[in-house]
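One structure below.
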Amino acid sequence: GVRILLLRACLALLALPIYLLSFVGLWEPFCRKVFFPFILEKIGAIHDRKSKKHKQELFRNLPDFRGPSGELRLLEIGTGSGSNFQFYPPGCKVTCTDINPSFQEGLSKNMKKNQHLHYERFLVAAGEDLSQVPSGSVDAVVCTLVLCSVHSVSSTLREVLRVLRPGGAFYFLEHVAAEHSSWRYFWQQVCYPTWKLVFAGCCLTRELWKNLEEAKFSELKIQHISVAMPCMPIEPHIVGYGVK
C-alpha cells in the first residue's frame, strides 16, 4: 500500500503541469477537444493493429443477427474515429454515438474509406443515456474500449439491453484489471489516478466481466485475452458478445 502511494506521488509530480491545469479548470476542455482525440488516434492505431485478428473473429457472426427484414441495424457506443467500420458487413446501417464530438475529422476519414456501410446518424450521447434511440430498435450494439471510462457500467449495460431488440447482440472488446497477485495489477494501481486524469476518465482496474455477468443477457460469451501494448498498463482484455 505504501509503495503504491509513494509511486503514485512520483507519477503525480511528473504530471504536475496537467494537475495544475486541471485545478484551474483548463485541462478538461483541452483534453476533450485536442489532446484526447490526438493521442487516441496514435494509441488507437497501435491497438487496432494488435487487436485486428481478435476483432475479425469477434465480428464474424454479425450477419447472423440481421433483423426479420434482412437488414442489420447497428448502434456503436463511443464510435471515436470509427476504427471498427472495416469489420461491419456490407449494407449494415450504422448509428454512431460519442460523448465527445471532437472526433469528427477522423470519423469522416473512416466513413469515406468504408463506403460499404450506410451511416444513419451521429448522436452526441453518453452510454448511460441513449434516450435518443428508441427501445428495441437495433439488432446489434458495439462497444470497444469505452466501458473503461463511462460513469456507470451497469447503467450503460441497461441502456444497451433497452435499445436491443429481443435476440439482438451486444459486442465488446475492453481492457480490464489484471490478476490481483500480478505485477501488472500493481502498476495499474500506481498509474490509476494520473492515467484517469490524462486519459479523460479511463479506469485501469475495472473488472468488467463481472458487470457483464450481472447484466441480464440470455447468453454471454466472454474470453480473456492479452493485447500487447508496449509500456502501457492495459494489456489484459476481455472480448465477446451477449445476446438479449
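Everything numeric here is computed off the predicted structure, so don't read it as measured data.
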Looking only at heavy atoms, the pair that brings Leu58 and Tyr171 closest together is O-CE2, 3.2 Å
Next on the checklist: I'd like to know if the side chain of Gln188 and the backbone of Ala178 have a donor-acceptor N/O pair within less than 3.5 Å.
Outcome noted: yes
Is there side-chain contact between Thr205 and Tyr192, with at least one heavy-atom pair below 4.5 Å? yes
query = Is the closest side-chain heavy-atom distance between Leu161 and Phe170 below 4.5 Å?
reply = no
If you measure from the Lys or Arg side-chain nitrogens to the Asp or Glu carboxylate oxygens, is any gap between Glu41 and Lys109 under 4.0 Å? yes
### Task
In sequence, state the C-alpha distance, the side-chain angles, and the governing distance for Phe59 and Tyr88, and then conclude on ring-ring contact (aromatic ring centres under 6.0 Å, His included).
CA-CA 7 Å; Phe59 295 124; Tyr88 299 159; 5.6 Å; yes
Leu11 vs Cys191, side chain to side chain contact (heavy atoms under 4.5 Å, CB included): CA-CA, chis, key distance, verdict
CA-CA 7 Å; Leu11 206 52; Cys191 297; 4.1 Å; yes
Students should find that the hydrophobic cluster of Leu20, defined by side-chain heavy atoms under 4.5 Å apart, otherwise consists of Leu16
Taking the six-membered ring where the residue is Trp, are the ring centres of Tyr119 and Phe85 under 6.0 Å apart? yes
Show the numbers, then the answer: is there a side chain to side chain contact (heavy atoms under 4.5 Å, CB included) between Ile222 and Tyr241? CA-CA 7 Å; Ile222 300 184; Tyr241 66 94; over 6 Å; no
Discussion item. Whether the side chain of Ser22 engages the backbone of Ile18 through a donor-acceptor N/O pair (distance < 3.5 Å, no angle test) should be reported.
Written reply: no
Only one of His237, Lys42, His175 passes side chain to side chain donor-acceptor pair (under 3.5 Å) with His47, and that residue is His237
Taking every heavy atom of Leu220 against every heavy atom of Leu212, the minimum-distance pair comes out as CD2-O, 3.5 Å
Regarding Thr144 and Asn84, is there a side-chain donor-to-acceptor distance under 3.5 Å anywhere? yes
Aromatic ring proximity Trp27/Phe30, centre distance under 6.0 Å: yes
Give the C-alpha distance, both sets of side-chain angles, the deciding distance and a yes or no for side chain to side chain contact (heavy atoms under 4.5 Å, CB included) between Val160 and Cys143.
-> CA-CA 10 Å; Val160 165; Cys143 186; over 6 Å; no
For the hydrophobic clusters of this structure (ILVMFWY residues joined by side-chain heavy atoms under 4.5 Å, transitively), does one cluster hold both Leu147 and Val243? no
Report yes or no: does Arg206 contribute a side-chain atom to a donor-acceptor pair with the main-chain N or O of Cys148 at less than 3.5 Å? yes
Nearest heavy-atom contact between Pro17 and Leu14 is CD-O, 4.1 Å
What one should report as the nearest heavy-atom pair of Asn110 and Asn114 is O-ND2, 2.8 Å
Note, Glu174 side chain near Val146 side chain (heavy atom, < 4.5 Å): yes
Polar side chain donor-acceptor pair, Tyr19 to Thr194, under 3.5 angstrom
yes
| query | Under a 4.0 Å N-O cut-off, is there an ion pair linking Arg66 with Asp139? | reply | no
*Check the pair Val176, Ile234 against side chain to side chain contact (heavy atoms under 4.5 Å, CB included), reporting the backbone distance first and the verdict last.*
CA-CA 7 Å; Val176 291; Ile234 56 168; over 6 Å; no
Quick one: do Glu57 and Lys55 make a salt bridge, cutoff under 4.0 Å?
no
Quiz question: by atom type and distance under 3.5 Å, do the side chains of Glu120 and Thr95 form a donor-acceptor pair?
no
Note: Phe65 and Gly167 closest approach over all heavy atoms is CD2-O, 3.3 Å
Using atom types as modelled and distance alone, determine if a side-chain donor or acceptor of Arg184 lies under 3.5 Å from a backbone N or O of Glu179.
no
TODO: Salt-bridge test for Glu28 and Arg32: reply yes if a basic N is under 4.0 Å from a carboxylate O, no otherwise.
DONE: yes
Do the side chain of Glu76 and the main chain of Val142 share a donor and acceptor less than 3.5 angstrom apart?
-> no
* Asked: Under 3.5 Å, side chain of Arg162 to main-chain N/O of Leu130, donor-acceptor pair present?
  -> yes
CG of Asn61 to NZ of Lys221, rounded to nearest 0.5 Å, is 9.5 Å
Legend entry - Cys92 vs Leu62 side-chain heavy atoms within contact, under 4.5 Å: no
Heavy atoms of Leu123 and Gln132 approach each other most closely as CD2-OE1, 3.5 Å
Check whether more than 12 heavy atoms from other residues, nucleotides or ligands sit under 6.0 Å from atom NE2 of His224, and answer yes or no. yes
Q.
Using a 3.5 Å distance criterion without hydrogens, assess whether the side chain of Asn211 forms a donor-acceptor pair with backbone atoms of Ser154.
A. no
Look at the side chain of Lys244 and the backbone N and O of Leu164, then say whether any donor-acceptor pair between them is shorter than 3.5 Å.
-> yes
Taken in chain and number order and not counting sequence neighbours, the residues that satisfy side-chain hydrogen bond (donor to acceptor under 3.5 Å, both in side chains) with Glu207 are His180, Lys210
- Message: Could you walk me through whether Trp183 and Phe186 satisfy the ring-ring contact (aromatic ring centres under 6.0 Å, His included) test, starting with their C-alpha distance in whole Å, then the side-chain angles of each, then the deciding distance to 0.1 Å, before giving a yes or no?
- Response: CA-CA 5 Å; Trp183 272 109; Phe186 173 83; 5.1 Å; yes
Treating Ser182 as the side-chain partner and Tyr185 as the backbone partner, does any N or O pair qualify as donor plus acceptor under 3.5 Å? yes
Flag, side chain of Arg73 to backbone of Ser137, donor-acceptor distance under 3.5 Å = yes
